[in-house]
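To start, the structure under review is shown below, and the notes come after it.
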Amino acid sequence: MPDVSTILMITIVIGAIAAFAWPRYQLSRAVEEPFPEAWRKTLRKNFPVFRRMPTDLQLQLKTRIKQFIHEKEFIGCAGLEITDEIRVTVSASACMLLLNRDSDIMSDLKYILIYPDAFLVKRESLNPEGLPVEHRHGVLGESWDNGKVILSWDDVLKGNKDFNDGANVAIHEFAHQLDHASGATNGAPFLGDAVRSKRWANVLTEEYESLRQAAYRGDETLIDKYGTTNPAEFFAVVTETFFEMPKQMQAEHPALFTELKAYYKVDPSDWIS
Ligand SMILES: [Zn+2]
C-alpha cells in the first residue's frame, strides 16, 4: 500500500497533467470544429476585406478566429449584448495581424470589452497652475497592458466598411497588444534577433521623426498624424496604414513598408487595390 506522501505526489502529478492537457484538448476540439456558416456570413458582411484575401489566408484566418474566440472573453458594456456576430467581427481584425505566424494569439490578452459606440473615459491632466484636473472625453478604443482591449462596436463596423482610408480602430488596438507582447508597449514589438531589431529601430525612428516634422509644417501626410503622439501610437497607426493602404505606403514609405511586411509576414497589396 503506497504511503500518504506517495499518494499526494501522484495526485499532484495527475493534477498538473490535467491542468496542462485539458485546456489544450479543449482548444484543439474548438479549432477542429467546422467554421459555422453563420460566422462565414458575418465575415462577408462585416469584414468585407475577407473576400479579397487569398484562399490560404482565408483558411488561416478562420482557424485563428476559432482559436481567438475560444480563448478570449468578450464582455458587453453599457447594455450591449455580446453576440457571435460581435465575436467573429472583432476577432477577424485581431487575427488578421497573426497570419503566417507561429506565435500565440496575444496570450496576455484576456478580455475584450465592447461598447455600443464611442465611450467616455476619465483622464487627469495638469492645469496651467500645475494642479491635476479631471476631464472626460469620448474614445473609440483602448488597449491596456493588463490584458484588456476596449472597443466601440459602431466604430469597429465603420473601420471595416471603409477598408481603404487607413483608419481602423480594431486593428489599431490589437497592434498595441502585439507591441505589448515584447514586454513594453513602446513601438518595438518582439522581432526575434538583434539585427532585425536594430534595423526596425532605425527605420521607424526616422519615419516617426519625419511624420513629426511634417505635422509641424502642416503638410498633408499618408500616415495619420495621431502617430506623432509617441512611438507606440506610431506603430499602431502605421499598422492601420499598412493593412488598409499598402500600395500608397509602399510608394511613399518603402523602407517602413518593408519592415512591416517582414513583421506581419503578409503583403496586403496582394488583395487591397
Ligand atoms: Zn493607440
Side-chain angles (χ1 to χ4, degrees), residues 68 72 74-75 77 89-98 105-125 135-160 162-191 200-201 203-205 207-212 214-215 221-246 249 253 256-257 259-260 263-264 268:
F68 196 88
K72 314 301 178 198
F74 286 75
I75 299 166
C77 303
T89 307
V90 170
S91 302
S93 299
C95 295
M96 194 174 200
L97 309 184
L98 302 169
I105 55 161
M106 306 179 188
S107 55
D108 286 348
L109 175 62
K110 304 280 184 263
Y111 304 104
I112 298 151
L113 285 72
I114 313 282
Y115 281 82
D117 41 35
F119 48 97
L120 288 174
V121 293
K122 266 195 266 181
R123 287 286 180 272
E124 231 179 44
S125 62
H135 50 94
R136 288 167 175 264
H137 64 109
V139 295
L140 314 183
E142 284 195 324
S143 170
W144 290 72
D145 289 351
N146 61 0
K148 277 192 303 193
V149 160
I150 313 172
L151 290 165
S152 148
W153 173 233
D154 189 39
D155 291 282
V156 169
L157 291 175
K158 281 182 193 154
N160 290 346
D162 187 350
F163 213 89
N164 293 99
D165 63 353
N168 190 303
V169 66
I171 286 180
H172 180 106
E173 304 307 340
F174 288 122
H176 280 315
Q177 287 294 313
L178 286 181
D179 187 2
H180 161 70
S182 64
T185 310
N186 57 4
F190 178 70
L191 292 163
W200 175 277
V203 171
L204 270 84
T205 303
E207 292 277 356
Y208 174 61
E209 286 307 326
S210 127
L211 184 66
R212 281 163 58 99
T221 56
L222 175 72
I223 299 166
D224 192 296
K225 294 189 181 72
Y226 184 65
T228 62
T229 309
N230 58 44
E233 293 305 334
F234 182 73
F235 170 64
V237 164
V238 295
T239 295
E240 293 175 82
T241 320
F242 174 72
F243 279 99
E244 294 215 349
M245 306 174 88
M249 180 182 257
H253 304 273
L256 180 58
F257 181 83
E259 288 308 308
L260 290 167
Y263 176 66
Y264 282 112

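Just follow the structure's listing: the first ligand is 1, and inside any ligand the first atom is 1.
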Problem - Check: His172/His176 side-chain N/O donor and acceptor closer than 3.5 Å - result: yes
Handout entry: Short N-O contact, Asp162 and Lys158, less than 4.0 angstrom
Key = no
Completion exercise
Output for pair (Trp144 CH2, Leu113 CG), nearest 0.5 Å, gives 11.0 Å
Handout entry: Heteroatoms of the protein, restricted to N/O/S, which lie under 2.8 Å from the Zn ion (ligand 1)
Key = His172 NE2, His176 NE2, Glu233 OE1, Glu233 OE2
Completion exercise
Shortest non-hydrogen pair, Tyr263 vs Phe190, comes out as CE1-O, 3.7 Å
Exercise for the section: Would you name the heavy atoms of Asp224 and Leu211 that are closest together and state the gap between them? Expected result: O-CD2, 3.7 Å
Exercise for the section: Any pair with a residue in residues 165-189 that passes salt bridge (charged side-chain N to carboxylate O under 4.0 Å, His left out), sequence neighbours left out, goes on the list, sorted by first then second residue, please. Expected result: none
